[in-house]
2 protein chains.
Amino acid sequence: VTEYCHVDGRVVPVEEAAVGVHDRGFRYADAAATTVRAYGGEPFEWAACVGRLRRAAARLGFEQVLPPVEDLHERLTETLDANDLTEAAVRIAVTRGSRSRGLTPPDRVAPTVVLTADPLPRGGTDGDRAWTAPATLRTVEQRRPPADALAPELQQGGGLPGLLARLELPAVADEALLRTVEGHVTDGAASDLFLVHDGTLYAPTADLPFPAGVVRGVVLDIASGESFPVETGRYTVTDVREADELFLTSPAWELRPVTDVDGYATEVGPITRLCSRLFDERVERAHYG
Amino acid sequence: VTEYCHVDGRVVPVEEAAVGVHDRGFRYADAAATTVRAYGGEPFEWAACVGRLRRAAARLGFEQVLPPVEDLHERLTETLDANDLTEAAVRIAVTRGSRSRGLTPPDRVAPTVVLTADPLPRGGTDGDRAWTAPATLRTVEQRRPPADALAPELQQGGGLPGLLARLELPAVADEALLRTVEGHVTDGAASDLFLVHDGTLYAPTADLPFPAGVVRGVVLDIASGESFPVETGRYTVTDVREADELFLTSPAWELRPVTDVDGYATEVGPITRLCSRLFDERVERAHYG
């Protein structure tokens, strides 16, 4: 963890960066949170990140107390600067603040706003990866809850279902593959999934209840301009095991190929390499150009 | 909130009672928690409460780092004493401690243990209620997740599904009635439900995915010794609306009658009154005798 955090508008040393035990974020998970990738000192896809944070807060009914977007940007910059970072994953968490009575939310909210940063390598065409080898993926028993049982926008970064999925992983595996209760594959515990079959790029549809990430959206956007077909839909574990290519996306991993899913081998193929290169070029142009 | 809390083995003033922003309880809801009712300075149904805490920690895979039961009891007593309380709801939360890498849990755990107390009236036959009138109950759209999507033992005190259920409540209502995805009623957001039909006491079966509470177990135990039939099973919202009597149970409410469910009126009937009296007598004998 880095030396400085940002708590309620102030940069504070990590050893002093704390929230009260009555904070509803600690007590009830009553918080909206999202992870923002910073490249060259600036947030990647900032509008999309803020949109995700806003939708999470809206689901909890406290979007009106979120700091203004310029204020959030300033806090992000201050967090990076304090740690002398330009390349990082920055997590922004906004809780409903301190509890007054029990589980029922108070009418007036003084939110708690916490930013923390984790260093990452430079991105773009001259960058390095946050991973050293392709990923090993394992299907787990843990499912993503139906949307009416746990809102997907409250599972950004994985959520409790993502954490429980990671707990099932053997040491050899890098990521857990989750499904809906009905058996459709959704995503990794803290990453999104792409499949390639016969030259078509597939991604689980965002109609399924999972916290579809920002990098996923960028990859779909990039791929839509290329010559190969792109589809979103409902897929099974068998579809994943029989894929020609597989990759995961996340703010830290960007695009990470999968070469082993439940013991079935896949190759790092041409569509994965193309999407990864196009992603890096987009980052290079936007942040280091 | 009371003047003192208990954090990592020490009584601390509430304004200093905090957890680090990297604590996995704050960041990932990676915590086991339960609420214990204290009567006359002693925990009610202590073994059952510790069992619930242990099962939650086991679900998260860190039961081996829970403090020993005698140690937890001592912390509870210290929390009550520091606040000069004998009648209270004490929440015990044990988190997996500070994060080292991302969502994946570290191999070695230094847990964070937090106790907080909220004052309540004296219980037993000479006691007062924590509520002033019977409850108004409203069915909500929020569902309890299937067990493989979010473990019920991690929803003690309501969990995020309970919180989201409370958010749907109009100001007039005291409690939200949740259902499974299939439509079977489970419980209140932070309480358990009992129905009376034609002289039989019914409770949703603990086979359904909800965090069945300690008071529910005591009421079922008490009722099994009486002359009226007791059943657990699967019931619908219609069953609830057509019930002759309804009541909710929780550590703070004990037994609280419901006289309005979705606008349908019910009476405070003889079985509710009998169960309530028997509960109070059991508390009186065990804690004030």
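Every chain is numbered from 1 and lettered A, B, ... according to where its sequence line falls, protein lines coming before strand lines. What you are looking at is a predicted structure, and each value in this text was computed from that prediction instead of being measured.
- Of the two parts of B/Ser98, neither the backbone nor the side chain holds a non-hydrogen atom closer than 4.5 Å to a non-hydrogen atom of chain A.
- Taken from CG in A/Leu248 to CG in A/Leu255, the straight-line distance is 9.0 Å, to the nearest 0.5 Å.
- Checking side-chain atoms of A/Asp192 against main-chain N and O of A/Thr249 turns up no donor-acceptor pair under 3.5 Å.
- For chain B, no part of A/Ala33 is nearby; none of its heavy atoms comes within less than 4.5 Å.
- Contact annotation for A/Thr112: neither backbone nor side-chain heavy atoms come within less than 4.5 Å of a heavy atom of chain B.
- Contact annotation for A/Val181: only side-chain heavy atoms (C-beta onward) come within less than 4.5 Å of a heavy atom of chain B.
- If you take CG on B/Asp71 and CG on B/Leu76, they are separated by 11.5 Å, rounding to the nearest 0.5 Å.
- Between chain A and the options B/Gly61, B/Ala252, B/Ala29, heavy-atom pairs under 4.5 Å are most frequent for B/Ala29.
- You'll find the side chain of B/Phe62 stays beyond 4.5 Å of the side chain of B/Pro111, heavy atoms only.
- Using a 4.5 Å cut-off between heavy atoms, B/Arg91 contacts chain A through its side chain alone, with no backbone atom that close.
- The nearest pair of heavy atoms linking B/Leu103 to A/Leu163 is O-CD1, 3.6 Å.
- For A/Glu141, the part lying under 4.5 angstrom from a heavy atom of chain B is the backbone only.
- Looking at A/Arg24, the atoms closer than 4.5 Å to chain B (heavy atoms on both sides) all sit in the side chain, from C-beta outward.
- Annotation: maximal heavy-atom pairing with chain A below 4.5 Å, among B/Val21, B/Val7, B/Leu154, B/Leu167, occurs at B/Val21.
- Using a 4.5 Å cut-off between heavy atoms, A/Leu164 contacts chain B through its side chain alone, with no backbone atom that close.
- Using a 4.5 Å cut-off between heavy atoms, B/Val114 contacts chain A through its side chain alone, with no backbone atom that close.
- For the pair B/Glu168 (side chain) and B/Gln142 (backbone), a donor-acceptor distance under 3.5 Å is present.
- By number of non-hydrogen pairs under 4.5 angstrom with chain A, the leading residue of B/Ala149, B/Ala176, B/Ala165, B/Gly25 is B/Ala149.
- For the 3.5 Å distance criterion, the side chains of A/Arg166 and B/Thr104 qualify, holding a donor opposite an acceptor.
- Using modelled atom types and a 3.5 Å distance limit, the side chains of A/Arg27 and B/Thr116 yield a donor-acceptor pair.
- Contacts between B/Leu178 and chain A at a heavy-atom distance below 4.5 Å are absent for every atom of the residue.
- Between the CG atom of B/Asp23 and the OG1 atom of B/Thr95 there is a distance of 3.5 Å, given to the nearest 0.5 Å.
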